[in-house]
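To start, the structure under review is shown below, and the notes come after it.
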Amino acid sequence: MNQFEYIRATEQAAAVKALVKDANTQFIAGGTNLIDLMKMGVAKPDKLVDITRLPLKDIKKTPTGIHIGALALNSQVAENSLILQHHPVLALALNSGATQQLRNMATVGGNMLQRTRCGYFFDVNMPCNKREPGSGCGAIGGINRMHAIFGASESCIAVHPSDMCVALAALDATVTVLGPKGERRMPFADFHRLPGDHPEHDNTLQKGELILGVDIPDARQTKNVAYLKVRDRTSYAFALVSVAAVLNIEGGIIKNAKLAMGGVAHKPWRLHAAEASLIGKQATIDNFKQAAQIAMQGAKTYKYNEFKVKLGHNTIVQALKTAASVA
Amino acid sequence: MEKELKKSVIGEPMDRVDGRLKVTGAATYSAEFNIPNLTYAVLVSGTIASGTITAIDTRAAERAPGVLTIITHLNAPQLAGYQASAIAANGKPNYRVFGGDKIFFNGQPVAMVVADTFERATYAASLVKATYQKDEHKTSLEDNLANAISPSRGKDYQRGAIDAYKTAPVQVEQTYMLPTEVHSPMELHNTTAMWDGDKVTVYTKSQGVKATQQSIMNTFKLTDDKVQVNSRFVGGAFGSALRTWPHEIATVMAAKKVGRPVKLLLTREQQFTMVGYRPKTIQKIGLGATADGQLVGITHESYSQSSVFEEFTEGSNNVSRFLYASPNVTTRYKIIPLNVGAPAPMRGPGEATGAYAIESALDELSYKLNIDPIALRLKNYAENDPERNLPYSSKYLKECYSIGAEKIGWSNRSQTPGAVKEGDWLVGYGIGCGVFGAHRGRATAKIRINADGNVNIQCATADIGPGTATSMVLIASDALGMPTDKITFELGNSAFPQAGQQGGSSTVSSVGSAVHDASLALKKKLMELSGKTESDLSPGNYTDIIKQQNLPYLEITQGSQGGDEGSKYSMYSFSAHFCKVHVHSVTGQVKVVKAVAVVDAGTIINHKTAGSQMIGGVVGGIGMALTEEALFDDRYGRYINGNFADYHVPVHADVPDIEAVFIDKPDPVLNPMGTKGIGEISIIGFAPAIANAVYNATGKRVREMPITPDKLI
Amino acid sequence: MASKKPDNATVSDELLNGTRRDFLKQSSVLTAITLAPTGLVKAAESGLDEKIAAVFEKIPVSLTVNGVKHDVSVEPRVTLLDLLREQLHLTGTKKGCDRGQCGACTVHVDGKRVNSCLSLAVMHDGHHITTIEGLANGDELHPLQEAFIKHDGFQCGYCTPGQIMSGVACIREGHANTESNIREYMSGNICRCGAYPNIVKAIYEVSKGGQKV
């Protein structure tokens, strides 16, 4: 790891200022991803601004929903009574990611900013456009079993590794950030981006911007939810595919449906068309299969990840079955 | 009193003698000694798979703070022992660390940086830039089968007619692939070396300090009094510390160069390239049987990867020669030299690989014949060793079958795949058997009884986890008739009497025999001194005799080895592994919900630690079957998942309660305790039990491990 | 590593040429000048005295480990794990992967279990750390340590401190109420020897026993 300067921020504006001032400065909070990247030589910041002492840890009720501070720990969110009561799918997603030790360190903001687990990205001796723009994509012609089937580009087929973000995408959260020019808000869906020609950018944050928190709008969909993650071992593994399903079922009819997938794209992959296909329909296996089929339309596979189309389909069906408690 | 003491303690579930040290963090592993003036080494891994180093730019690294030295092939001290063996028997250059500019495999060390702190050494290592002339490399086993060669130590075997299975009315002909698996002990391989004049002391992760000492003596041309090797606590190894690796030599070399103690820890990523692995192996099995299930012929061919700079072979075909009574057996073994690091024996080496293939094929045959897999095994049960035409010294495999079947609930199994369901989960049952040679090597123990009645035993054996010292204390306690808390056993020090490496499930048999014999020799000496007969002598007399003789202590060094039993008997441990799996009908996830391992391993010295060892082997089998695969990107010849996040060893959530059952009947031949060994047999045969259970659950036969969800949807 | 060209003309040529330490950037030098006595400045400018430069790179940290306060100076890149093992010689906390992928380095920070390998020591100023060495009460083992011995929850023993620290936290968190919960919430601690079933038994027994952990 290269030597770097370390400063501790005690207020938000100062943190933003510190980041704007020097070219190669990064925030650090939980460090679970950044320290790893620094050890691997993927990230080489000259300066780290420690933001863990900023007052951004609240999880609270607001007039429109629930606010989660960017520095709330993943484990705190997963076990928070408001979250369990109002948005259990978020707790399910969080608890299916990483381990309790890591969740005790990782923050909500850091989870949003975690970088892909693509092996070519992590190995500085392999080509990767995300790590080193212009060097090529090792994964496209390589071992791409874990890689994207939606929204990828000629320059990058990496996937976003978060579980939490899949749930937040399904829950229509919004993100608040503070930048040099003040605060701005954006839908969660606009926070992460597709790789396009610039896979080096995972998200739409601008230089110096600090995530303050996310807001989840009120929803009465707490019973019929599921988060299903299929992976290569039972725990402590990244998703082959994962599905967050939030249903509002009244009298056997699906009034509202929110679905998002993980492990399939450069960002949490919201399934709007599949959701639309479910609304007004009965919660039956056949309808779930139809929705899953719609969801997987347009998937583009590579040499080793063809299975994700069927696995994605099946995982959607199973998640919907579980959410709807349909045997 | 005397009666109590005569009661055997063998088999007692005794807590580990070093348990307290391990649970308090006080057990000191080899990288954990607080050594004054210590420096830190980091190895720079090469980044191509084959070629020549054309230049190494170390200028930036040399200027980095705290750097003491950087060793490359350009400035490495010449080692007498290395020069002598620079050219292999086949005339090709041997791989010697910093011995030349040739690159044989990706990840080969090209430089070592020594600095005053770990952080500074790590950073400086990142500044070393090697440039290469790349040659074409080969890392794919599948793509290079045409380059397969017969190893110089031929391993082919023929009994009866060649490929006789082809003449049988019912045949199975299938290919099974077991990917590269990496030992992955939790403790990173590490070495600390310090010179004092012409004497070097080394703390290292080793499965045998005497062997490590010998390697260092050979390489540096030193006598044994100049090389001290310590490895008391070893944080797992599973075979990866059975040889002295280049990084160990490099550390000793560096310590001499900087004139200060040097500590090297490999990174987890470097464990994938520098300290061996279970080689990827493609196996073709042909089985032929009569309609009622009598085996007509077995053909077992193995194609296993090896490195370009040395031949590595293992006994993956061996199992097929004698586990079942087939009149005709053909085995062929080939290796494919690739630009990969050298493989190393990994728990159940060869046999675990071979048992996976033969036990899977046998399962396939059972469905073809529509015969229960246990019945099929009984039908072809080998009462005597069909390979060597010798009786087994002991074999209770039939008992293993019946106990295991009972405990797993075999009667709930359906011979029709996919017939049993629990909710969304398909239920399957599987069996897989294992066998591993029971060995006894020469070992020597030094036993001392002090005037205060405490007994201390020393032997240069190792404990990589099975609880060696605990077993040895039990053996001595039994032989001496003394309570265990009066006896201590020390190991992991090259100054102690000779023992082989801890490998091949032979420690209890070899070292235990030495401890047993030394204990008896001590008793004999006490009888001589006191004039007492065996029946007169009781443990209560021991200290009296020493005091009467006015001795501070009495000490005996006793060597022990087997005789010609091996020429009269075939000696093996046997296992029957059973499991029940759930396979999700929609997502393809597999869960082992119950596992039973029944073992005929002779006498069990300590049921507690032996049980743990069995359970551990089963967990290894779960990894083999369901999660583990080290993957190369052959374009670069580099691992794409060479780390602990992406190379999946089983975690807590993958592992159900596991029942280990011991037949616990003494082997009458191998050694005085009647033990046969369990380290390997615990894993051999478990992976096919899972693969067979998955088939029973789903009707899908996965012939490429690991069985991940994508292969079952 | 490309060296950036400082725009301040007072910076020595050696810095510009990259012949001196790359990381000692202009800003650091200027800070140093304002703080340091003249002799030190000269030494730093001459680029010869690594020891002085090293002092400037280190950051004072005060943290309590197992009830003992430690005032140390560390480079910011030193992890909590390496501080414990290499500087405080508390080697009970293990290094198994150094990347948060195995759990051998698990310690408690202000009561929460974390991976000390992914945590910078400087970020723990004022924090209370408990390691395996601080779990027992003198000679009296913690109940979970006793249970690990009783159930043989280890073989090689290398993952054991991490398993125990994680297990204690697991019980305190309330995640040890069923064996399947324990399996899930202990999955961050890899045991290659495969002692998992025994570890689960030990944790479950202590959890059920209800004693204060």
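Quantities reported herein were computed from a predicted structural model and do not represent experimental measurements. Proteins get letters first, then strands, A, B, ... in listed order; numbering begins at 1 in each.
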Completion exercise
Smallest heavy-atom separation, C:P76 atom then A:Q3 atom, equals CD-OE1, 3.6 Å
Problem - Smallest separation among heavy atoms of C:C102 and A:Y236, with atom names - result: N-OH, 3.2 Å
Practice task
Please look at A:N95 and chain C and tell me whether the side chain, the backbone, both or neither of the residue comes under 4.5 angstrom of a heavy atom of that chain.
Solution key: both
Problem - Option in A:D22, A:I35, A:T234 with maximal non-hydrogen atom pairs under 4.5 Å from chain C - result: A:I35
Practice task
Could you tell me which portion of A:M38 (side chain, backbone, both or neither) has an atom closer than 4.5 angstrom to a non-hydrogen atom of chain C?
Solution key: neither
Handout entry: Among the listed options C:V109, C:V114, C:T79, C:T106, the residue most often paired with chain A at heavy-atom distances under 4.5 Å
Key = C:V114
Practice task
From the options C:R113, C:K112, C:M165, select the one residue that forms a side chain to side chain contact (heavy atoms under 4.5 Å, CB included) with A:Q101.
Solution key: C:R113
Fill in the blank from the handout: Honestly, the part of A:I28 sitting under 4.5 Å from a heavy atom of chain C is both
Handout entry: Atom pair NZ/CZ of A:K39 and C:R99 - distance to nearest 0.5 Å
Key = 9.0 Å
Problem - Proximal to chain A - members of residues 182-204 of chain C, heavy-atom separation under 4.5 Å - result: C:E184, C:Y185, C:S187, C:G188, C:N189, C:I190
Practice task
Please flag which part of A:T52 lies under 4.5 Å from any non-hydrogen atom of chain C: side chain, backbone, both or neither.
Solution key: side chain
Problem - By ring-ring contact (aromatic ring centres under 6.0 Å, His included) - contacts of C:Y158 (at least two apart) - result: B:Y29
